Amino acid sequence: MGYLSTSESSCIIYYSCLALLSRHPGPDVRSQWEEERYPEGIKWKFLEHKGPVFAPPYEPLPENVKFYYDGKVMKLSTKAEEVATFFAKMLDHEYTTKEIFRKNFFKDWRKEMTSEEKSTITNLSKCDFTHMSQYFKAQSEARKQMSKEEKQKIKEENERLLKEYGYCVMDNHKERIANFKIEPPGLFRGRGNHPKMGMLKRRIMPEDIIINCSKDSKIPPPPPGHKWKEVRHDNKVTWLVSWTENIQGSIKYIMLNPSSRIKGEKDWQKYETARRLKKCVDKIRNQYREDWKSKEMKVRQRAVALYFIDKLALRAGNEKEEGETADTVGCCSLRVEHIKLHPELDGQEYVVEFDFLGKDSIRYYNKVPVEKRVFKNLQLFMENKQPEDDLFDRLNTSILNKHLQDLMEGLTAKVFRTYNASITLQQQLKELTNPDDNIPAKILSYNRANRAVAILCNHQRAPPKTFEKSMMNLQSKIDAKKEQLADARRELKSAKADAKVRRDEKSKKTVESKKKAVQRIEEQLMKLEVQATDREENKQIALGTSKLNYLDPRISVAWCKKWGIPIEKIYNKTQREKFAWAIDMAEEDYEF
DNA sequence: AAAAGCACTTAGAAAAGCTAGA
DNA sequence: TCTAGCTTTTCTAAGTGCTTTT
């Protein structure tokens, strides 16, 4: 294969291009470079891959695993049994108690039944999946108890699969594929109050699959006896494989790993756009403050919405088809019922109380003092409206983004989130890093800066199930360490006293080593205390999303260089691969 | 100009993997 | 050597925003 160079050497070429650009970031250089590689929307010239890995076929249950209907054993047809196992596997989950889930599941399950099954099984409550469920639990238990050799065998098989299907060649690079396995069939689990929860996500067959690769590549063969839906050669897109999913009718893709050239470059570009916003954000802010006074309602709504997006890092809020998804909103789709106006609250004037479900049905709750003009405008927008009416009835994301495009090339609502997240990290790092701190304390400061961003972006997580217990464990470790420290100090004291009397070399040495011991234990104690603080503050906050998607990695790299923190303390292996471009590029004086 | 389609980024939960300390 | 408790990886849903169709 003539195209294949080693991935390493091509990486060097790629990253040195980026590095060069970062030092000479004029718009001419950048567009010239991009045009040279990819004229107008072309994403690649050569693409070759092995196609997707399909979900393993259904294995029928052993004869002794029974399903009961209305108290009586019933042997199910293979198709009906397969769908029944999906439900059985989820039996412990509270999903299966929800009425919508049960209704959707039962409806779709019945479609898979034979006509006899259909006439017998008419009530889900009479179905007893417990035996099946127990069987699966035993299976997973058995998997855990497997011998080392068996586990090793499975690991090797996975590695073989990864080696064979996990990589592709795009232009001159061998690149890792993100999700080369096709999603297996199962029951749809939406987030929050999703109207389609419990529906059957059907098995994807080769006949559903569109393959995308270059004409001059070796086209992956479909599994024996099957055909692809289509093979296309579209180099204006980055995906390798796609299919249409049956729940929402949306398209799913197989794409490259974040470490790939095509993703890294896009990521870098995203932060460059945010940095361009930095240069004109003051002007834009002045502009929207002016627009609060506009005589046009549409302009005022746009200006207030933009203020929220900027100040609170809200998402844009596209319209969604009603009844197809969970009822969640972003800025432009806020409804009157999602905010409360308080002329005065807790000693503050003009407070807006937000309470709505955002992406993934994560609750956004915040009380924010706003400028008087914003407050008056909101009162105006809410006049004569019902709770379920749109707050910004003259606005949508497309109007807003068109306006933003006029203010700055490439500016859209989401750029504000990236900009505010990254600038907040940079500011917080400056403010929180104490030069005299040791490394663990500096890392605590980093995590606190990261946390400020996560709070801004409302990145939440369910508190870990074992949180209380693990906090208690840590506390008892701290207590033990304190006792150990007290002991060490006592020993040091007596060693000193001893040395004073004896005045010989040996006892002097003892004092020194006891001193060292005290110091070491002090450090260990400090480390533990820092860990406890960090964990407590992090209880309900997820740092990963902002770290991965919103924070310009060059800020973190520069901070590490400046303070002599090993980059491994901030980014794990995967993250270092994703941010290889930034690690290579950023010097200690990098400014976002 | 509104709706539908498409391609891509962003998101938290769950599974899997790893490791320190019993 | 085992396993509890953590971190990392995997999974796939749910957004954004642009393009195409009606």
Side-chain angles (χ1 to χ4, degrees), chain A residues 41 43 55 90 93 95 140 143-145 148 151 154-155 158 162 178-184 186 188-192 194 196-197 201 210 212 234 236-239 242 244-245 247-258 262-263 266-267 269-270 309 315-321 324-326 328-333 357-362 396-402 404-405 410-418 421 454 457-462 464-467 469-471 473-474 477 480 531 535 540-550 571-575 577:
Chain A
K43 305 286 169 63
M90 294 176 76
H93 204 288
Y95 267 120
S140 77
R143 226 170 300 132
K144 273 186 219 153
Q145 299 302 321
K148 251 197 189 126
K151 281 183 182 167
I154 290 173
K155 204 175 159 192
N158 285 337
L162 175 67
N179 55 327
F180 58 90
K181 289 178 186 156
I182 299 273
E183 295 169 20
F188 176 77
R189 311 148 81 127
R191 296 180 186 248
H194 197 116
K196 298 194 173 182
M197 62 169 85
K201 203 169 90 166
I210 302 174
N212 193 36
D234 183 355
K236 294 204 168 56
V237 296
T238 67
W239 54 267
S242 76
T244 301
E245 149 276 344
I247 304 290
Q248 321 271 358
S250 66
I251 307 170
K252 300 251 182 172
Y253 303 93
I254 292 182
M255 290 184 186
L256 297 194
N257 198 71
I262 205 153
K263 295 284 185 192
K266 198 80 188 297
D267 208 33
Q269 214 179 76
K270 174 180 79 184
I309 284 171
R315 295 186 185 83
N318 282 318
E319 301 104 296
K320 310 165 67 183
E321 214 176 330
E324 294 291 300
T325 60
T328 62
V329 296
C331 185
C332 293
S333 50
L357 297 182
K359 182 177 179 179
D360 292 324
S361 294
I362 299 291
N396 60 40
T397 54
S398 139
I399 294 170
L400 178 65
N401 281 334
K402 222 168 262 161
L404 293 176
Q405 189 60 236
L411 186 61
T412 62
K414 86 197 257 288
V415 178
F416 282 87
R417 250 167 104 81
T418 310
C457 294
N458 200 39
H459 291 143
Q460 297 186 20
R461 61 167 183 177
K465 290 227 156 56
T466 54
F467 185 83
K469 210 173 99 192
S470 99
M471 265 335 259
N473 285 346
L474 195 53
K477 264 194 202 169
Q531 203 185 344
R535 198 180 296 173
Q540 300 199 61
I541 297 165
L543 299 186
T545 301
S546 50
K547 205 174 190 177
L548 234 50
N549 301 299
Y550 289 102
Y571 291 137
N572 68 30
K573 189 169 135 281
T574 317
Q575 297 170 152
E577 280 167 12

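Basis for what follows: all heavy atoms, side chains included, without hydrogens, waters or symmetry-related copies. In what follows, chains carry the letters A, B, and so on, assigned in the order in which the sequence lines appear, proteins first and then strands, with residues in each chain numbered from 1. Just so it is clear, the structure is predicted and the values come from calculations on it, not from any experiment.
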In whole angstrom, what separates [X]'s [atom1] from [N]'s [atom2]?
| X | N | atom1 | atom2 | answer |
| --- | --- | --- | --- | --- |
| N158(A) | dA16(B) | CG | C1' | 10 Å |
| K151(A) | dC18(B) | NZ | P | 11 Å |
| L162(A) | dG17(B) | CG | P | 13 Å |
| L543(A) | dG12(B) | CG | C1' | 13 Å |

Which atom of [X] lies closest to which atom of [Y], heavy atoms considered:
| X | Y | result |
| --- | --- | --- |
| S361(A) | R191(A) | OG-O, 3.7 Å |
| Y253(A) | N179(A) | O-ND2, 2.9 Å |
| M197(A) | G192(A) | CE-O, 3.6 Å |
| M255(A) | T238(A) | SD-OG1, 4.1 Å |
| S333(A) | G330(A) | OG-N, 3.0 Å |

Across the strands shown, which category fits [X] at heavy-atom distances under 4.0 angstrom: base, sugar-phosphate, nothing?
| X | value |
| --- | --- |
| T325(A) | nothing |
| K201(A) | sugar-phosphate |
| G358(A) | sugar-phosphate |
| N401(A) | sugar-phosphate |
| G317(A) | sugar-phosphate |
| E245(A) | nothing |
| P184(A) | sugar-phosphate |
| A326(A) | nothing |

Compare all side-chain heavy atoms of N257(A) with those of K263(A) and state whether any distance is below 4.5 angstrom.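 N257(A) does not reach K263(A) side chain to side chain.
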Run R315(A) and K414(A) through side chain to side chain contact (heavy atoms under 4.5 Å, CB included) and show every step you take. CA-CA 7 Å; R315(A) 295 186 185 83; K414(A) 86 197 257 288; over 6 Å; no
Report the residue (K573(A) or R189(A)) whose heavy-atom-nearest nucleotide on DNA chain C is the more 5′ of the two.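 That would be K573(A).
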N/O (side chain, H93(A)) to phosphate O (OP1/OP2, dA14(B)) under 4.0 Å: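 So the side chain of H93(A) is within the cut-off, an N or O lying under 4.0 Å from OP1 or OP2 of dA14(B).
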Can you build the contact string for nucleotides 2-10 of chain B? Use B for base contact, S for sugar-phosphate-only contact, and - for no protein heavy atom under 4.0 Å. ----SBBSB
Interface limits on DNA chain C, where chain A has a heavy atom under 4.0 Å of a nucleotide atom: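 Answer, 5' to 3': dG5(C) to dC18(C).
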If you apply the rule side chain to side chain contact (heavy atoms under 4.5 Å, CB included), what do you find for C457(A) with T545(A), and how did you get there? CA-CA 9 Å; C457(A) 294; T545(A) 301; over 6 Å; no
Would you say NZ of K402(A) has more than 12 non-hydrogen atoms from neighbouring residues, nucleotides or ligands within 6.0 angstrom?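 It does not: K402(A) NZ has 12 such atoms or fewer within range.
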